[in-house]
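Below is one structure; the comments refer to it alone.
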Amino acid sequence: MDAQRTPLVVANWKMHKTIPEALRFLDAFLPALEGLGAQGAPGVGRVVEVAIAPPFTALQAVGARLRSATASIGLAAQNVHPEPQGAYTGEVSPVMLSDLGCRYVIVGHSERRRHFGEDDAFINKKLLAALRHGLGPILCVGETLEERRAGRTQGVLERQLRGALAGCPPEGAERLVIAYEPVWAIGTGVAASPDDAQEGARFVRELLRELYGEAVAGRVRVQYGGSVQPGNAYELMVRPDVDGALVGGASLDPEQFAQIVAEAAKAVQAKG
Ligand code: PEP
């Protein structure tokens with residue numbers, strides 16, 4: 001693994017947790033993280049970066065709590081509108097997210113592509129806007145089961161990446177995180193095999209190399225996402241091109257999410 005890549009493990013809570021529920025999660029998660037370190041899980045919170053993406057309504061409360069925590073945990077938003085302000089009822093701008101102290105924002109999640117009709121061009125606008133306003137985009141790409149069965153996985157990933165990255169300069173690209181999330185693995189309990197996760201991440205990096213050259217491709221973190229659990233996290237994240245995970249369901253539980261972070265730290269050690 002490239003020594004410069006610190007894996008990133010992100011909790012995507014989707015449309016879950018009120019403010020009190022979010023704070024209860026942190027009450028359990030922060031000590032659990034410290035406890036794992038005390039039990040010898042190597043470098044939890046140091047060799048692995050952690051971020052939490054609560055729903056918009058809990059961003060401020062979670063952000064305030066994270067700022068007062070000892071561990072440095074990033075705040076992430078689940079969505080953003082490309083415009084800085086304007087007549088877009090119900091939307092949240094990148095300026096507002098920066099103002100709240102967000103470090104990251106998820107763009108291109110398959111649930112937004114599927115349920116809200118977001119296409120590559122719109123995702124591209126969001127990604128560029130996020131970068132302009134100091135946010136790190138976590139760009140999700142991945143194929144459906146139908147596309148995989150038709151042998152179109154690489155074609156889909158290439159289309160999604162080229163579409164989302166149009167006009168993105170190298171200095172923006174190196175601030176990206178890309179989550180390879182096969183759609184058929186999200187929320188199904190059936191994760192990709194470690195080989196398939198590695199192959200997806202490798203292909204993403206190869207395309208980054210073609211677009212931006214070796215140095216940028218070597219710096220961008222490529223996560224795996226799709227039914228990551230404490231029991232499969234290590235085998236997925238130990239693969240050379242997989243730099244952490246985007247975690248949905250299992251991130252709702254503080255103990256499970258802390259365990260996944262610990263597995264990421266073990267994977268770092270194993271990769272040397
Ligand atoms: C996700 O929401 O990006 C995700 C990977 O969800 P889950 O872990 O539940 O499959």
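Remember, it's a predicted structure, so these values are computed and weren't measured experimentally. We count ligands from 1, going down the list as the structure has it; atoms in each ligand are counted the same way.
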### Message
Going by side chain to side chain donor-acceptor pair (under 3.5 Å), D241 matches just one of R205, R202, R221. Which one?
### Response
R205
### Message
Quick one, Q154 and E199 - any side-chain contact, counting heavy atoms below 4.5 Å?
### Response
yes
### Query
Residues in side-chain hydrogen bond (donor to acceptor under 3.5 Å, both in side chains) with K125, at least two apart?
none
### Task
Could you name the protein residues that come within less than 4.0 Å of ligand 1, counting only heavy atoms, and order them by chain and residue number?
N12, K14, H109, E181, A185, I186, G187, G225, G226, S227, L246, V247, G248, G249
### Query
Does E147 CD have over 12 foreign heavy atoms under 6.0 Å away?
yes
### Query
Hey, is CZ on R149 packed in by over 12 heavy atoms from elsewhere, all under 6.0 Å?
no
### Query
Are the side chain of K271 and the backbone N or O of R239 linked by a donor-acceptor pair below 3.5 Å?
yes
